[in-house]
Amino acid sequence: MKLILKLLFGQIHCHPARFLLTALSIVAASGVVIWVVSGYDALTAQFDDFSDDYLGRYQFVLAQAEIQTGVGAEPEIMLPAEIIQEMSQDESVAELVSESQSRIQMKPLKKRVPPGKRAAAKSDSSPDGKSQSAATRKPDTKGPPGRRGPSFIPPLSPTLVGTNAVNPPYPMKTGRWIEPGSDAREAVISSGSAAAFNVTVGDQVHLQQVNRELDVTIVGIVEQVRSIGGFRGPSPSRGPAQSALYVPVSVAEIVLGKSPPPITISQIRLKETAQPAEFKVRWESRLASQTPRLTLMSTSDITEDISNSRAVSGARSQAWSATGIALLAALFIIFTALSMGVNERTRQFAVLRAVSMTPGQIGLLIGLESLLLGAIGWLGGLAAGWGILKLMQSAQPTLFTQETGLGQWCIILSGICAFGGALAASVFPAWQAMRVSPLEAMSARSTTTGISRGLLTTLTVIGLIMIAINPILIFFWPMQHQSQYAIYAALGYSTMAIGFVLLAPITITIIERVLGLLVARALFLDPRLLSAELSSNLWRTLGTCVALTLGLGLFVSTQIWGYSMLKPFVPGEWVPDLLVNFKEGGIPDNAFQTVAHVDGFRAETCLPLAVEQTKLKEDLTGSKERTSVSRQDSIVLIGVDPERGINAANPLLKLRFVEGDPQTAAEQMKHNRACIIPDHFATEANLTLGDSFEVLLPEDPNKAFRYEVAGIVDLPGWHWMTKLSGLRRRGDRAAAMVFADIDTVRQDFDFKKINFFWTQTEAHASLDDMGNSLQKIAATYSGKAQPTNYQGTWKIGATNFGSAVRISTRQGVQDLIHNRADGMIWGMSQLPLVTLLIAGLGVLNTIMASIRARIWNIGVMRAVGLSRSALARLILAESLLVGLVACCLSLGFGIMAGWCGAGISQYVSFFGGLHPSLVIPWKQIGLGFGITLFLCLTAALWPAFSICRMKLLQLLQSGRSAM
């Protein structure tokens, strides 16, 4: 062992630059893992404290065991009254409080409560006994943070909680608690929502749900549980509302229109002598037998629930992804370094074998060198990661809610990255070294060989077969259930990645023979100088190219997947230029021409729309099984004139029919209660021409209307056109946009006036001028506020003119989507780019080893007339070829991975279901290729400069000593 260690440190002493560069690469890879995983550690560290505070004064929460947690319509929950009554009479229960929770829209009112009715609000008065006006009061920046996002996104309304509690669930911050059983229209608000809406005790707020409205007075503010990781951090899927507006049950009945309102949760406080564990065990079987199944949630259950939330799962997946990527980067970088060392020391190993060193000892030497690299990289990464975290905490303390440090997962996953990559990378070089024969000591110099044509063909065929497995699984043998995703992803993407690694040798050979000629001519070099530089040292080149491909390939696949998934959400040319929404009142039929002739409108194209968001009578899309962007329980039904809108020579809606035709569809819409549906909805609902479905009247769910499918069309971008424009009147999500005859829709849903208009505009029309004109028209026909979804109140994606007019443009929505998507996709691409930068150190190592391996040849070339300039260009050309190989491999991998990723997203992603097509964003991909080639050229600058500085005699002498 002493001899082996002496040989190990002797090798490091002979080639310190290589060892330091490789160790630095592992330090950087470990640092990436630590940086990503530290966020996950910081998140999980808050779970226990949050769970204790979340339950407040209670020990348990009675709730449904399984709740649809996907984004979409609010799940309908109603706990059985008999179970609640039975549990309240349990001898261990000291208090049981039932709550009815529901989503509402809340707006603060400027008007004040008469002084005679403010007796209950004295505790919130200013020192002089006078309460401040809600309109003039400055926001409260203390206490638990509310939703303080950008000013163009209004705060999210609190959850309406109808409760019979005698005492508040959390400590009162100011004011008093509501009186249970009271008919008074009063409420207590959570401190976070109070700060976000700038309301305090004595203020009035306006509540709205669908067509029901009510004003209530704030009589108290209760402390709010601090969110984990900020507003968008993880939260329990069921349990008490964090941001709440507590009202008496009688008030909840008015707002919800249900008497009594459905109980969604019950909170339980036990007697001091009771044993919580025994209580839970006693009730478990009873609750599990209910339909739907119920459960008692304690603080530990809350912690587990948060741990399984989408936000935490995403952070966990990101941590594992960072570890996997960094591990592979470390693997190929160490593999390249060790392979270079083995090739250079072939004669040395032969001599050692000749003096009786065993193959096992040779393998142990390579393994120890690998482990030393891993240990240095791990410890260095921990130190660098800890230093960066402390530096960031010191520079921006507001970004860190608590003391940061290296958590358990940081240490474990960075260790896996460093040591796992090191050990895996040492296997093949150790096997190579162990195969060295003592007879090779007689060789004048060590040689490196390329790859045989037979082996190259075999690797290529196997690689193509393995690459084909993933698309076959996804597109020709689709998964039957979401639970199969892990198997499909592991098998499909693993085989595809291995397949591209197997294709690397043929790619190196082709690039060398085809592009090598072009590169040589571009740099004014003899092509013969580049004819075999990469393939003659295949394993060294392979490791470097794959390390670069790891980062660049993930970058390319992320870009292709992201923009392929984005395309169905971008409004197509079928969308008219401008959509007008009169949010208050409505336009009578006799005033239609007034709207149509607004300056800037093309009057002949202006069409009124009868719009309603209505629920499907049957769950056609399977939203109860799994929600997605296309699997919802409601649709946006738009009534339009079939002739002018669809069947005219130049219709307003230029729809592309997948099934049916505009003439037949328009005729049936006019006379047969027919409709036109998008193709994704036809697929999800299993509908075809001639099929029919029923929708419900929002005000009376017992009344339904049947529509027959007369056409199926492609509607790219319908989702975002309805999201921000106000077309979604009853909820945040919808399964589809469906077109029907305007007279039929108006009759079914009793529309006396029109609130929406679609039109084309003149080329030089001014949005401000059109908006001001429409605002004047709206003032003439003012009236009751129309219901709308929360996103329809944002100041993005549309422009508000006063309180009554909202205008959406196709171009504005397109710009918003592209700007938002560019930022998100770029954010996902940062980790691959960091990995690419780390791999750049491997390129530097490869170039240095390549120069060292052929320093005698370089001396000879210099002796026969090769200039220093030509030598520098030769080294730059070799580095450029390595980058080109990585670009070609990454493009192939990125297209396949992005295409397959978009395909598998249809089964598992919330945003799946809208039939994405393959999109290759060449501009973004070109940026990645440019970064790669620049990185390779930069890595070659110092080796080129250093070798050009050497004199001819130095080159020849160094070459002889290397023999």
Side-chain angles (χ1 to χ4, degrees), residues 72-78 100-107 157 160 162 185 206-216 247 249-262 264 581-589 608-620 623 632-639 673 675 692-707 722 725-756 781-790 792-793:
E74 183 178 6
E76 296 182 357
I77 303 171
M78 185 170 64
S100 175
Q101 300 183 165
S102 181
R103 294 163 63 182
I104 57 165
Q105 289 188 18
M106 186 189 85
K107 297 179 181 179
S157 296
L160 181 72
R185 297 184 176 183
H206 178 75
L207 311 182
Q208 181 177 2
Q209 190 189 61
V210 192
N211 289 331
R212 292 177 294 276
E213 302 178 64
L214 187 68
D215 294 345
V216 297
V247 297
V249 175
S250 60
V251 175
E253 289 179 356
I254 298 173
V255 177
L256 302 180
K258 299 177 182 179
S259 181
T264 52
N581 174 10
F582 288 94
K583 301 187 293 180
E584 298 176 358
I587 307 300
D589 293 344
L609 308 175
V611 179
E612 185 57 279
Q613 184 178 8
T614 174
K615 284 194 173 185
L616 298 166
K617 184 176 181 180
E618 298 179 7
D619 187 18
L620 300 177
S623 62
Q632 301 290 329
D633 62 355
S634 68
I635 61 170
V636 175
L637 184 63
I638 297 183
R673 296 187 58 85
C675 66
S692 61
F693 58 91
E694 289 184 291
V695 296
L696 303 176
L697 183 67
E699 291 79 9
D700 185 6
N702 295 319
K703 191 171 184 179
F705 305 103
R706 181 172 293 275
Y707 289 85
T722 61
S725 61
L727 288 172
R728 301 185 195 172
R729 290 161 49 89
R730 311 285 178 174
D732 294 343
R733 296 286 178 183
M737 175 189 283
V738 176
F739 297 103
D741 175 61
I742 185 170
D743 294 331
T744 303
V745 175
R746 292 187 68 174
Q747 181 180 356
D748 288 347
F749 298 96
D750 194 26
F751 288 133
K752 304 299 184 185
K753 298 181 179 180
I754 294 297
N755 291 91
F756 293 90
Y781 301 101
S782 61
K784 184 179 179 180
Q786 298 296 309
T788 186
N789 60 314
Y790 171 63
T793 65

When you measure from the side chain of [X] to the backbone N and O of [Y], does any donor-acceptor pair fall under 3.5 Å?
| X | Y | answer |
| --- | --- | --- |
| Ser782 | Gly585 | no |
| Gln101 | Thr264 | no |
| Ser634 | Ala734 | no |
| Glu612 | Arg746 | no |
| Asn755 | Phe582 | yes |
| Thr744 | Arg673 | no |

Please identify each residue that fulfils salt bridge (charged side-chain N to carboxylate O under 4.0 Å, His left out) with [X], with sequence neighbours left out.
| X | value |
| --- | --- |
| Lys107 | none |
| Glu253 | none |
| Asp750 | Lys752 |
| Arg706 | Glu694 |

Phe751: ring-ring contact (aromatic ring centres under 6.0 Å, His included) partners, not counting sequence neighbours: none
Point-to-point distance, once rounded to the nearest 0.5 Å, from [atom1] of [X] to [atom2] of [Y]:
| X | Y | atom1 | atom2 | value |
| --- | --- | --- | --- | --- |
| Gln632 | Leu620 | CD | CG | 13.0 Å |
| Leu637 | Leu727 | CG | CG | 11.5 Å |
| Lys615 | Ile635 | NZ | CD1 | 13.0 Å |
| Lys703 | Lys617 | NZ | NZ | 13.0 Å |
| Lys583 | Gln786 | NZ | CD | 11.5 Å |
| Ser623 | Arg733 | OG | CZ | 13.0 Å |

Of all the heavy-atom pairs spanning [X] and [Y], show the shortest one and how long it is.
| X | Y | result |
| --- | --- | --- |
| Leu256 | Ser102 | CD2-OG, 3.3 Å |
| Ala252 | Gly162 | CB-CA, 3.8 Å |
| Arg729 | Gly726 | CG-O, 3.8 Å |
| Gln105 | Asn789 | NE2-C, 3.8 Å |
| Pro701 | Pro698 | CD-O, 4.3 Å |
| Gly639 | Val745 | CA-CG2, 3.7 Å |

Between [X] and [Y], is any pair of side-chain heavy atoms under 4.5 Å apart?
| X | Y | value |
| --- | --- | --- |
| Ile254 | Arg185 | yes |
| Ser725 | Asn581 | no |
| Arg728 | Val636 | yes |
| Arg103 | Ser157 | no |
| Tyr707 | Asp748 | yes |
| Leu697 | Thr614 | no |

Using the rule given for salt bridge (Lys or Arg N to Asp or Glu O under 4.0 Å), can you reason through Glu584 versus Lys753, listing the C-alpha separation, both sets of side-chain angles and the distance that settles it, and then say yes or no? CA-CA 11 Å; Glu584 298 176 358; Lys753 298 181 179 180; over 6 Å; no
Applying the side chain to side chain contact (heavy atoms under 4.5 Å, CB included) test to Phe756, which of Ile638, Ile587, Val611 qualifies? Val611
Using side chain to side chain contact (heavy atoms under 4.5 Å, CB included) as the criterion, point out the one residue from Val695, Asp633, Leu696 that pairs with Leu616. Val695
Taking only residues two or more places apart in sequence or in another chain, which ones pass side chain to side chain contact (heavy atoms under 4.5 Å, CB included) with Pro588? Asn590, Ala591, Tyr781
